[in-house]
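Chain letters run A, B, ... following the sequence lines, proteins first and then strands; every chain starts at 1.
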Amino acid sequence: GLQGGARAAKPQKELSPEEQQELRRKINSRERKRMQDLNVAMDALREVMVPYESHAPGAPPGRRLSKISTLVLARNYILLLGSSLQEMRRLLGEVSIGMGVNAGPVPRLLFAGGWPLIAGPGQLLLT
DNA sequence: TAGGCCATCTGGTCCT
DNA sequence: AGGACCAGATGGCCTA
């Protein structure tokens, strides 16, 4: 019988060592391409995070963000945007109650200029 | 030199 | 069947 189960599908035809080598080369090449595409996406995200560069945990000024820092910081920033939106809606609600929907100045949203530092040095927490 | 970060290879599993 | 996705292993490079 088939010891260990018949799950592993064996190739229709046995491959010669040369063919095996060629197959490996193709698989490796695809994997490299996949990881390179991932890195292109990571760079695009990094580009949007440049204001963080000098604040990256453990990163001296001018140092590019590591992958992990890029992801953690991006997540934190998204979270911050979410709460900012929530706060903005709350303020807008106050204005419309006090002055009517179409009247009055729109409350100024105060952004501190640049990106808030969410994760300080040594803080790489996913919470 | 130890630790962090990274690219690559590899074998396994999942999906089309 | 073949490609995509994933995680473990390994070795190189760099910095404190």
Side-chain angles (χ1 to χ4, degrees):
Chain A
L2 290 169
Q3 289 177 350
R7 281 198 63 87
K10 280 171 66 174
Q12 200 92 11
K13 185 166 88 71
E14 288 304 320
L15 298 170
S16 71
E18 291 82 8
E19 286 169 325
Q20 282 188 31
Q21 214 172 6
E22 182 56 26
L23 179 60
R24 247 306 137 197
R25 273 165 35 101
K26 272 172 62 180
I27 293 175
N28 290 349
S29 172
R30 271 202 307 273
E31 176 65 7
R32 270 199 309 274
K33 175 67 165 49
R34 193 182 71 83
M35 294 307 293
Q36 280 160 12
D37 289 347
L38 186 64
N39 285 336
V40 166
M42 185 67 70
D43 279 338
L45 182 57
R46 210 174 256 135
E47 206 166 308
V48 155
M49 307 289 293
V50 286
Y52 268 132
E53 256 176 348
S54 52
H55 303 294
R63 197 77 162 73
R64 109 189 204 287
L65 250 39
S66 69
K67 290 181 179 182
I68 182 67
S69 296
T70 302
L71 292 176
V72 170
L73 260 24
R75 175 184 182 274
N76 288 345
Y77 188 58
I78 289 169
L79 258 24
L80 178 103
L81 289 182
S83 51
S84 294
L85 185 57
Q86 215 173 351
E87 175 68 0
M88 185 170 72
R89 284 179 172 142
R90 193 186 65 77
L91 292 173
L92 247 25
E94 280 180 12
V95 167
S96 60
I97 288 171
M99 306 180 170
V101 179
N102 294 322
V106 174
R108 284 182 306 152
L109 289 176
L110 299 179
F111 291 100
W115 291 47
L117 181 61
I118 303 170
Q123 297 179 306
L124 266 182
L125 304 177
L126 286 172
T127 54

Which heavy-atom pair separates A/Leu15 from A/Gln20 by the least distance, and what is that distance?
O-NE2, 3.4 Å
Heavy-atom donor-acceptor pair, A/Arg46 side chain to A/Leu65 backbone, under 3.5 Å
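Checking the backbone N and O of A/Leu65 against the side chain of A/Arg46, a donor-acceptor pair under 3.5 Å is found.
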Set of salt bridge (Lys or Arg N to Asp or Glu O under 4.0 Å) partners for A/Arg24, sequence neighbours left out
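In terms of salt bridge (Lys or Arg N to Asp or Glu O under 4.0 Å), with neighbours along the sequence ignored, A/Arg24 is linked to no residue.
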Roughly how many Å is it from [atom1] in [X] to [atom2] in [N], rounded to a whole number?
X       : N      : atom1 : atom2 : result
A/Gln20 : B/dG11 : CD    : C1'   : 13 Å
A/Asn28 : C/dC5  : CG    : P     : 16 Å
A/Lys67 : B/dT8  : NZ    : C1'   : 11 Å
A/Ile27 : C/dC5  : CD1   : C1'   : 13 Å
A/Leu71 : B/dC5  : CG    : P     : 12 Å

Atom CD in A/Gln86, atom CG in A/Leu91: separation rounded to 0.5 Å?
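It is 11.5 Å, given to the nearest 0.5 Å.
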For the atom pair CE (A/Met49) and CG (A/Asp43), what is the distance rounded to the nearest 0.5 Å?
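Those atoms lie 13.5 Å apart.
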Tell me, please, which residues at least two apart from A/Lys26 pass side chain to side chain donor-acceptor pair (under 3.5 Å).
none
A/Gln21: partners by side chain to side chain donor-acceptor pair (under 3.5 Å), with sequence neighbours left out:
none
Using rotation axes that map the C1' atoms of four end pairs onto the next four (five pairs an end), what angle separates the end axes of the helix from B/dT1-C/dA16 to B/dT16-C/dA1, to 10°?
10°
Close residues, residues 29-37 of chain A, relative to DNA chain C [heavy-atom separation under 4.0 Å]:
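Those residues are A/Arg30, A/Glu31, A/Arg34.
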Side-chain N,O (A/Arg24) to OP1/OP2 (B/dG11) below 4.0 Å
yes
Nucleotide nearest A/Ser66 when distance is taken to its side chain, options B/dC5, B/dG11, C/dT15
B/dC5
Could you identify which residues cluster with A/Val40, counting Ile, Leu, Val, Met, Phe, Trp and Tyr as linked when any side-chain heavy atoms lie under 4.5 Å apart, either directly or through a chain of such contacts?
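Once heavy-atom contacts under 4.5 Å are chained together, A/Val40 still belongs with nothing else.
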